[in-house]
Amino acid sequence: MGGAIDPSLEPPGQRDASGRASWRPLAYPLFAAVWLANTVSNFGGQAQGVGAAWLMTSLTSDPLTVSLVTTAALAPMLLFSLLAGAVADAYDRRLVLLIAQGAMFGLSIALAWAAGAGALTPAGLVLLTFGIGCGFAFNAPAWQAAVWELVSHEDVPAAVSLNVVGFNLSRTAGPALGGLIVGWGGPSASFWFNAASYLGLLAVLAIWLRRPTKASITSAQPIWPAIRAGVGHAATSAPLRRVLIRIGLFGLPLGALLALLPIVVRQLGAGPDGLGIVLACSGGGAVLGALVANRWRARLGLEHLLRLCIAATAAGMTIVAASDHLAIVAMAEVVTGCAATIFYTVANITLQIAAPRPMLGRIMSLQAMVALGALGLGSWLWGGVAVVLGVEIALGCAATVMALMLALPGSPGHG
C-alpha cells in the first residue's frame, strides 16, 4: 500500500512554505473564470443533493432504497469513467466539458419539473440522478486534464488544490442553502436552483471554446485501444497502482457515511435544515483539509499523513454511529470532512504529477472511477447491511473496516 510522490516530480512552486503559491493559479484569468463558475455550479449540485436525499426519505423508509440515491449519482463513474477519460484525451476537452454540462443542465430541468408535478417515484428519482451522474462522469476527467491548459506546469498542484477548495466551499454553504430551499419550496425548488446554477459555467465554457488554446487533443488512437493503453499503463506503473488501490479501499467504508447520514439525521428528529447543517459542517472541514493538505504533507510525510487521515475518518464515523445528538454528529462531520479531503487531495496531486501528459485524461478517469465507484458500491453494500442490522451497527462496522486499513503495510521508505 502506498502512493508516495517522488520528490523529484514535485514542481518548485509547491515547496513555497509561505503558501503564496497555493493561490497563484487565480492570477490566470481564464482559470479564475472557470473556477468561479464551476464553484457556483457546485453550489447548485450540493443543494440538489440535499433535495434528492430528502425527497427519497419522503418517498420510502427503506434504507437500501434511500442509499440508491447516492449509488445512482456515483455509479456512472464506475461504468463510464474509462470511456470518458479516453474521450477527454481524444477530443477537445473544452467541447467535452460543454456537452457534459449541457446534458446535466437539461436533466436537472427534467428532474425539477417532475418533482414539482408530483410525478417522481423512487425509480424515477434514481433514474434521473443516474443520468446527471453520467454527465458528471464525462465532465470530471476532461476538467482535471484541462487544468494543464489553463495554468503553467509549476502551478498545477496548486490549481488541483484550489479545485478541491472550490468544491468544498460549495459543500460548506451549499447543503445549508439546500436545506433552507427545501424547507421553503420543497425538493423541486432545490432542483430548479441547481438547473439555474449551470448557466454561468455554460457561458464561460462557450467563451473558452471560441479562444485559441494549447492543443487539447493528445491521443490519436481509437477510443477502445486508447482505453486499453491507459489501463495497462496504470496496472504496470507501481506508483499509480498503489495510489489507486488505496483510494478504492478508503472509499468502500466511507460510502456508508454518505448513504446513511440522511437517515441518521432523520432518526435524531431533525428536518432538511438539520441535514443541510450537518453536510455544511462536513464541507467546512473539507475546505480546511484542502487548504492544509500540501503543508501537512511536507511536515508529516505522505505515509504518516495518509494514516492520520484514515484514523481520523474511522473515529468520526464511529462517533456518528454512536451519538444521539445532532451537534455531536455535526462536529464529527467536520473531522471526517477534513480527513477525507486531505486523503483525496494528496492522492489526486500524486496522480496528476506522475501520469504521462498524453494519458492524463485516462489516468484521472481511473482515479475518478475508483474513488466514486468505491463510494457508490460502498453506499449500496452498507445500505444492505443497515436493512439487516440497523443503521448504527452498519456505520460502526464500516468504521471498523476503515480502521483496519491501518494494519496494511505502507510504502517502504516513505514516512
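Since we're looking at a predicted model, the values are computed, not measured.
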**Student:** Got a sec, which pairs hit side-chain hydrogen bond (donor to acceptor under 3.5 Å, both in side chains) with one end in residues 130-139, sequence neighbours left out?
**Tutor:**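 For residues 130-139, and leaving out neighbouring residues, the side-chain hydrogen bond (donor to acceptor under 3.5 Å, both in side chains) pairs sorted by first residue read Gln101-Asn139.
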**Student:** Are His325 and Leu268 side-chain neighbours, meaning at least one heavy-atom pair lies under 4.5 Å?
**Tutor:**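 Counting from C-beta outward, His325 and Leu268 never come under 4.5 Å.
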**Student:** Compile the donor-acceptor pairs under 3.5 Å between side chains in residues 310-320 and protein atoms, sequence neighbours left out, one pair per line.
**Tutor:**
| residue | atom | partner | partner atom | Å |
| --- | --- | --- | --- | --- |
| Thr313 | OG1 | Cys309 | O | 2.8 |
| Thr318 | OG1 | Ala314 | O | 2.9 |

**Student:** Does any pair with a residue in residues 329-358 pass ring-ring contact (aromatic ring centres under 6.0 Å, His included), and if so which ones, sequence neighbours excluded?
**Tutor:**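 Passing the test, one end in residues 329-358: Phe250-Phe343, Phe250-Tyr344.
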**Student:** Drop me the distance from Asn42's CG to Leu201's CG, to the nearest 0.5 angstrom.
**Tutor:**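 One finds 8.5 Å between CG of Asn42 and CG of Leu201.
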**Student:** Looking at Gly186, is its backbone amide N or carbonyl O close enough to the side chain of Ser190 to form a donor-acceptor pair, meaning the two atoms are under 3.5 Å apart?
**Tutor:**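 It does not hold such a pair.
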**Student:** Contact between Val50 and Leu177 at the side-chain level, heavy atoms closer than 4.5 Å - yes or no?
**Tutor:**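 A side-chain contact under 4.5 Å is absent here.
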**Student:** If I compare all heavy atoms of Ala142 with all of Val96, which pair ends up nearest, and what's the gap?
**Tutor:**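 Taking every non-hydrogen atom into account, CB-CG1, 3.9 Å.
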**Student:** In the structure I gave you, are the side-chain heavy atoms of Trp208 and Leu98 within less than 4.5 Å of one another anywhere?
**Tutor:**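 No, side chains not in contact.
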**Student:** Side-chain atoms of residues 368-377: list all donor-acceptor pairs with protein atoms under 3.5 Å, sequence neighbours left out, distances to 0.1 Å.
**Tutor:**
none

**Student:** Measure from the side-chain N and O atoms of Thr39 to the backbone N and O of Trp35, and report whether any donor-acceptor pair falls under 3.5 Å.
**Tutor:**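 At least one qualifying donor-acceptor pair exists.
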**Student:** Please assess Ile132 against Gln48 for the test side chain to side chain contact (heavy atoms under 4.5 Å, CB included), listing each intermediate value before the final yes or no.
**Tutor:** CA-CA 11 Å; Ile132 295 171; Gln48 176 175 293; 3.3 Å; yes
**Student:** Using every non-hydrogen atom in the two residues, find where Ile393 and Leu389 come nearest and quote the distance to one decimal.
**Tutor:**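 Closest pair (atom of Ile393, atom of Leu389, distance): CD1-O, 3.3 Å.
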**Student:** Is any side-chain heavy atom of Met56 closer than 4.5 Å to one of Val126?
**Tutor:**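 The answer is yes, as the side chains (C-beta and beyond) meet within the 4.5 Å cut-off.
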**Student:** Measuring from Met331:CE to Ser323:OG, what's the distance to the nearest 0.5 Å?
**Tutor:**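 Rounded to the nearest 0.5 Å, the CE-OG separation comes out at 8.0 Å.
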**Student:** Report the C-alpha distance between Ser197 and Phe43 in whole Å, list the side-chain angles of each, state the deciding distance to 0.1 Å, and finish with yes or no for side chain to side chain contact (heavy atoms under 4.5 Å, CB included).
**Tutor:** CA-CA 7 Å; Ser197 74; Phe43 269 86; 5.9 Å; no
**Student:** Using side-chain heavy atoms (C-beta onward) and a distance below 4.5 Å, is Leu120 in contact with Leu111?
**Tutor:**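 Yes, their side chains come closer than 4.5 Å.
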**Student:** For Ile181 and Trp192, run side chain to side chain contact (heavy atoms under 4.5 Å, CB included): C-alpha distance rounded to whole Å, both residues' side-chain angles, the deciding distance at 0.1 Å, then the answer.
**Tutor:** CA-CA 10 Å; Ile181 292 173; Trp192 282 116; over 6 Å; no
**Student:** Nearest heavy-atom pair of Val69 and Ala52: which atoms, and what distance?
**Tutor:**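 Val69 and Ala52 have their closest heavy atoms at CG1-CB, 4.0 Å.
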**Student:** Do Val387 and Trp382 have side-chain heavy atoms sitting under 4.5 Å apart?
**Tutor:**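 Val387 vs Trp382: side chains apart.
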**Student:** Please check if atom CZ in Phe138 has more than 12 non-hydrogen atoms from other residues, nucleotides or ligands closer than 6.0 Å.
**Tutor:**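 Yes.
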**Student:** Can you list, pair by pair, the side-chain donor-acceptor contacts under 3.5 Å of residues 252-260, counting residues two or more places apart and other chains?
**Tutor:**
none

**Student:** May I ask you to check whether over 12 heavy atoms, not counting those of Trp143, lie within 6.0 Å of atom CH2?
**Tutor:**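 Yes, because the 6.0 Å sphere around CH2 of Trp143 holds more than 12 heavy atoms from other groups.
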**Student:** Taking all atoms of both residues into account, what is the closest heavy-atom pair of Gly135 and Ala100, and its distance?
**Tutor:**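 So the two residues come closest at O-CB, 3.5 Å.
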**Student:** Please say which of Ile342, Val335, Thr341 ends up in a side chain to side chain contact (heavy atoms under 4.5 Å, CB included) with Cys338.
**Tutor:**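 So the option named by the test is Ile342.
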**Student:** So, is the end of the Arg266 side chain (NZ or CZ) under 6.0 Å from the ring centre of Trp54 and within 45° of the ring's axis?
**Tutor:**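 Yes; both conditions hold, so Arg266 lies above the ring face of Trp54.
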**Student:** Measure across Ala84 and Ala137 and return the closest heavy-atom pair with its distance rounded to 0.1 Å.
**Tutor:**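 Looking at all heavy atoms of both residues, the shortest contact is CB-O, 3.2 Å.
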**Student:** I need the minimum non-hydrogen distance between Leu275 and Pro262, along with the two atoms involved.
**Tutor:**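 Here Leu275 and Pro262 meet closest at CD1-CA, 4.0 Å.
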**Student:** Using a 4.5 Å cut-off on heavy atoms from C-beta on, say whether the side chain of Pro76 contacts that of Phe136.
**Tutor:**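 When only atoms from C-beta onward are counted, Pro76 and Phe136 do not touch, as no gap falls below 4.5 Å.
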**Student:** According to side-chain hydrogen bond (donor to acceptor under 3.5 Å, both in side chains), does anything in residues 105-121 pair up with another residue at least two apart or in another chain? List the pairs.
**Tutor:**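 Listed once each, the pairs are Ser108-Asn194.
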**Student:** Quick one: does Thr336's side chain have a donor or acceptor within less than 3.5 Å of a partner on Glu333's backbone?
**Tutor:**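 Side chain of Thr336 to backbone of Glu333, a donor-acceptor pair under 3.5 Å: yes, one is there.
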**Student:** For the backbone of Leu205 and the side chain of Arg94, can you confirm whether one donor and one acceptor N or O come within less than 3.5 Å of each other?
**Tutor:**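 No, because the side chain of Arg94 does not come within donor-acceptor range (under 3.5 Å) of the backbone of Leu205.
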**Student:** Would you find a donor on one side and an acceptor on the other, under 3.5 Å apart, between the side chain of Arg362 and the backbone of Ile227?
**Tutor:**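 No, the answer is negative, given that no donor and acceptor are paired below the 3.5 Å cut-off.
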**Student:** Decide side chain to side chain contact (heavy atoms under 4.5 Å, CB included) for Val151 and Phe31; before the verdict, give the C-alpha distance in whole Å, the side-chain angles of both, and the deciding distance to 0.1 Å.
**Tutor:** CA-CA 7 Å; Val151 302; Phe31 174 83; 4.0 Å; yes
**Student:** Distance-only, no hydrogens or angles: does the Ser282 side chain make a donor-acceptor pair with backbone N or O of Val278 under 3.5 Å?
**Tutor:**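 Not a single qualifying donor-acceptor pair exists.
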**Student:** Under 4.5 Å between any side-chain heavy atoms of Arg307 and Met405, yes or no?
**Tutor:**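 Heavy-atom side-chain distance check fails, nothing below 4.5 Å.
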